Amino acid sequence: MSDILHILLYGAIIGVLISAPMGPIGMLVIQRTLSKGRWPAFFTGLGAGLSDLIYCLLTGLGISFITDLIETHQFILQIVGGGVLAAFGIYLFSKNPTRSLKRAGDTQSNSFFTDFGTGFLLTFSNPLILFFIIGLFARFNFIEPEFGVHHFITAYFSIFAGAVVWWYLVTTLVNILRSRINVRSLWLVNRIIGAVLIAMSVIGIIMALNKYCF
């Protein structure tokens with residue numbers, strides 16, 4: 001019983017720590033909370049959580065294999081990830097917020113799948129997060145060789161649960177502040193977040209080119 005509680009606690013902590021850094025997906029969740037409402041943003045976070053869970057599964061199944069694969073194809077992965085990031089940044093930067101600003105309850109459920117998918121793809125396009133996950137697994141001594149099937153199920157469930165709780169709290173907090181933000185403020189948020197995403201993608205691509213081509 002103590003092993004299960006240990007796994008639940010540390011798994012939830014790992015899920016939060018993976019989701020918490022305010023990177024591209026965090027910015028996208030904030031932007032969607034402001035422009036589309038809480039639930040589209042929450043489903044975006046769920047998509048990111050599923051992507052993180054897949055990477056955690058890959059890490060648990062073969063740390064050394066995954067590490068070697070990333071190191072071998074790191075240049076291609078950084079270029080592709082930078083391209084995806086730049087595309088999202090350009091989209092946000094040029095988007096007119098007056099066309100997407102909606103009242104609570106106006107969001108239709110059939111758009112949740114799209115929100116979920118974009119959150120998943122944006123997070124999945126950055127496999128370098130595996131190094132962070134490997135570090136967390138090692139730090140918390142999370143995966144043990146003697147674990148049974150029920151231990152692994154509990155472990156990965158707790159990681160996803162931690163991510164779900166994190167995105168629920170983030171979208172709730174931003175949604176509370178949403179009423180204080182007007183269309184002009186949202187336009188500025190779009191421009192700022194879009195510019196940051198574009199800058200991050202350009203920096204990543206330049207670093208990759210400088211490391212592997214010069």
Side-chain angles (χ1 to χ4, degrees), residues 11-58 80-81 83-127 129-130 132-133 153 155-181 183 185-187 189-190 192-194 196-197 200-201:
I13 292 174
I14 289 173
V16 170
L17 290 177
I18 295 173
S19 303
M22 192 48 61
I25 188 63
M27 294 181 179
L28 181 61
V29 167
I30 290 175
Q31 189 274 340
R32 281 191 171 166
T33 306
L34 296 175
S35 64
K36 300 178 68 176
R38 176 185 176 186
W39 292 113
F42 179 67
F43 274 86
T44 302
L46 287 184
L50 178 60
S51 175
D52 291 334
L53 178 61
I54 291 175
Y55 280 132
C56 286
L57 286 168
L58 292 175
V80 172
V84 173
L85 196 60
F88 272 104
I90 293 171
Y91 170 75
L92 288 180
F93 190 87
S94 59
K95 188 175 182 181
N96 183 353
T98 60
R99 295 180 180 177
S100 59
L101 193 62
K102 299 181 179 181
R103 297 186 305 273
D106 284 350
T107 303
Q108 298 182 4
S109 60
N110 60 8
S111 68
F112 290 164
F113 181 79
T114 301
D115 298 321
F116 183 91
T118 53
F120 177 85
L121 290 175
L122 181 57
T123 306
F124 200 74
S125 68
N126 180 29
I129 195 176
L130 276 167
F132 181 45
I133 295 174
I153 293 175
Y156 294 115
F157 170 80
S158 61
I159 290 173
F160 187 70
V164 170
V165 170
W166 171 258
W167 292 121
Y168 183 85
L169 293 175
V170 169
T171 54
T172 299
L173 178 61
V174 176
N175 193 56
I176 292 173
L177 301 174
R178 183 171 179 262
S179 60
R180 303 180 182 180
I181 299 176
V183 173
S185 299
L186 183 58
W187 178 81
V189 169
N190 277 7
I192 292 171
I193 293 178
V196 170
L197 294 181
M200 291 173 66
S201 67

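Positions are given from 1, in the same order as the sequence printed here. Every value quoted in this text rests on a predicted model; they were computed, and no experiment measured them.
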Can you find a heavy atom in the side chain of D52 that is under 4.5 Å from one in the side chain of F160? no

Once you round to the nearest 0.5 Å, how far does CH2 of W167 lie from OG1 of T172? 12.5 Å

Gap between atom CG of L53 and atom OH of Y156 - 0.5 Å precision: 8.5 Å

For residues V16 and G162, report the shortest heavy-atom separation together with the two atoms involved. CG2-O, 3.4 Å

Here the pair of heavy atoms bringing G49 nearest to A163 is CA-CB, 4.2 Å

Quick one: list whatever passes side chain to side chain contact (heavy atoms under 4.5 Å, CB included) with F43, sequence neighbours left out. L46, F112, D115

The reported gap from CG in L50 to SG in C56 (rounded to nearest 0.5 angstrom) is 11.0 Å

Candidates I25, T118, L28, I54 - the one meeting side chain to side chain contact (heavy atoms under 4.5 Å, CB included) with T123: I25

How many angstroms lie between atom OG1 of T171 and atom CG of L34, to the nearest 0.5 angstrom? 11.5 Å

Let's go through L122 and S51 carefully: what are the C-alpha distance in whole Å and the side-chain angles of both, what is the deciding distance for side-chain contact (heavy atoms from CB on, under 4.5 Å) to 0.1 Å, and is it a yes or a no? CA-CA 9 Å; L122 181 57; S51 175; over 6 Å; no

Can you confirm whether T44 sits close enough to F116 that some side-chain heavy atom of one is under 4.5 Å from a side-chain heavy atom of the other? no

From I159 CD1 over to L17 CG, what is the distance, rounded to the nearest 0.5 angstrom? 11.0 Å

May I ask you to test the V174-R38 pair for a side-chain heavy-atom distance under 4.5 Å? no

Quick one: are P40 and T114 in side-chain contact, heavy atoms under 4.5 Å? no

Please list, chain by chain and in numerical order, all residues satisfying ring-ring contact (aromatic ring centres under 6.0 Å, His included) with F124, sequence neighbours excluded. Y55, F120

